[in-house]
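Labels below follow one simple rule: chain letters A, B, ... track the order of the sequence lines, proteins then strands, and each chain is numbered from 1. Because the structure is a prediction, the values reported are computed rather than measured.
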Amino acid sequence: MHPQLQHTAFSFVFAFVFWLLLVGSLDPQELVAGILVATAVAALSSGRQPILAGIRLRAGAPLAFITYLGSLLVALLRANLDMARRVLSPALPIRPVLVRINTSLRSDLGRLVLANSITLTPGTLTVDVEGDALLVHWIDCPPGTDIATATQTIASGFERHLRGFLQ
Amino acid sequence: MKLLSDIFLIIGALFCLLGALGLLRMPDVYNRIQAGAKAVTLGSLALLLGVGFAHPDWWPKLLVVGLFILLTNPIGSSTLARAFHRSGVPLWHKQRDES
């Protein structure tokens, strides 16, 4: 299928599912209205969403997305327990540094989602994107960590999941 | 259902409290953003889950709200952090604090 057509189809499905979640019913009237609205949205936005170019539409993509969501929720839980430990301990055990990590994701959308994921994982906060590198604020960096180790620790787990459905 | 709802509401409120405590205790803006971003994201998700158990017919909308928070909260935190970084706010170091 042509990439442009794929993105329009994706917009349609996305708008339709969003509509269904908002109305919260499967009444035939709502379905018809939803199809009309989603068609209009997909037609109007077609070709004007360069960010969608980062999506890899392939058979394994939905599964990869669900795996990613699961790993993100686990990371978010661990991040909060970790943060709770630091905030509640009287000594305030933090060693903050800014580190650069390299990303192998090429698309804007891929980098956006990776940056978001890093912000929600234990002890890290994305500060800036500079070319192929992400600038990350790491709250507890072991002394003498180099860029390869930092990349490995912070980004690799997510990148593996993300490559399943993003470029 | 009522009990589950209460449990999740309390968990959510606790994480939001932890976030507020983090804002008070952390020494500089980046660490405060870290504490705020994570705790409030998970706190609001837990609150939404609690509301969902109390009003099962609201699930679809709560899901939309939850995904929205999960997408926008980190973006907001990163944007704030980037603004501080670009205007030259330095990192906090323990050594400097002691000397």
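Options B/Arg82, B/His85, B/Arg86, B/Met26 differ in how many heavy-atom pairs under 4.5 Å they form with chain A, and the most are formed by B/Arg82. Interface summary for chain B: among A/Val113, A/Leu77, A/Leu88, the most heavy-atom pairs under 4.5 angstrom belong to A/Leu88. Comparing B/Ala35, B/Gly19, B/Ala37, B/Gly43 by how many heavy-atom pairs each has under 4.5 Å with chain A, the most go to B/Ala35. Chosen from A/Leu98, A/Val87, A/Leu120, the residue pairing most often with chain B at heavy-atom distances under 4.5 Å is A/Val87. Interface remark: of the candidates B/Asp57, B/Asn73, B/Leu70, B/Leu70 forms the most heavy-atom pairs closer than 4.5 Å to chain A. Contact count versus chain A (heavy atoms, under 4.5 Å) is highest, among B/Asn31, B/Leu18, B/Leu45, for B/Asn31.
When heavy atoms are compared at a cutoff of 4.5 Å, A/Ser117 does not approach chain B at all. Within the 4.5 angstrom heavy-atom criterion, only side-chain atoms of A/Leu135, from C-beta onward, approach chain B. Heavy atoms of B/Leu80 lying under 4.5 Å from chain A are absent altogether.
With hydrogens and angles ignored, the 3.5 Å screen pairs a side-chain donor or acceptor of B/Lys38 with a backbone N or O of A/Thr121. No donor-acceptor pair closer than 3.5 Å links the side chain of A/Glu30 to the backbone N or O of A/Val23. Under a 3.5 Å cut-off, the side chain of B/Tyr30 and the backbone N or O of B/Val89 do form a donor-acceptor pair.
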Inset, instruction - Decide yes or no on side-chain hydrogen bond (donor to acceptor under 3.5 Å, both in side chains) for A/Thr126 and B/Ser78, but give the supporting numbers first. - result: CA-CA 6 Å; A/Thr126 313; B/Ser78 292; 4.6 Å; no
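Crowding of A/Arg78 atom CZ: a count of heavy atoms from other residues, nucleotides or ligands under 6.0 Å not exceeding 12. Within 6.0 Å of CG on B/Asp28 lie more than 12 heavy atoms contributed by other residues, nucleotides or ligands. Within 6.0 Å of CZ on A/Phe14 lie no more than 12 heavy atoms contributed by other residues, nucleotides or ligands.
Judged by distance alone, the side chains of A/Thr119 and B/Ser77 never bring a donor and an acceptor atom under 3.5 Å apart.
The interface of residues 61-69 of chain B with chain A, defined by heavy-atom distances below 4.5 Å, comprises B/Lys61, B/Leu63, B/Val64.
With a 4.5 Å cut-off on side-chain heavy atoms, A/Arg111 and A/Arg106 count as touching.
Ring geometry for B/Phe8 versus B/Phe53: interplanar angle under 30°, hence parallel rather than tilted (30 to 60°).
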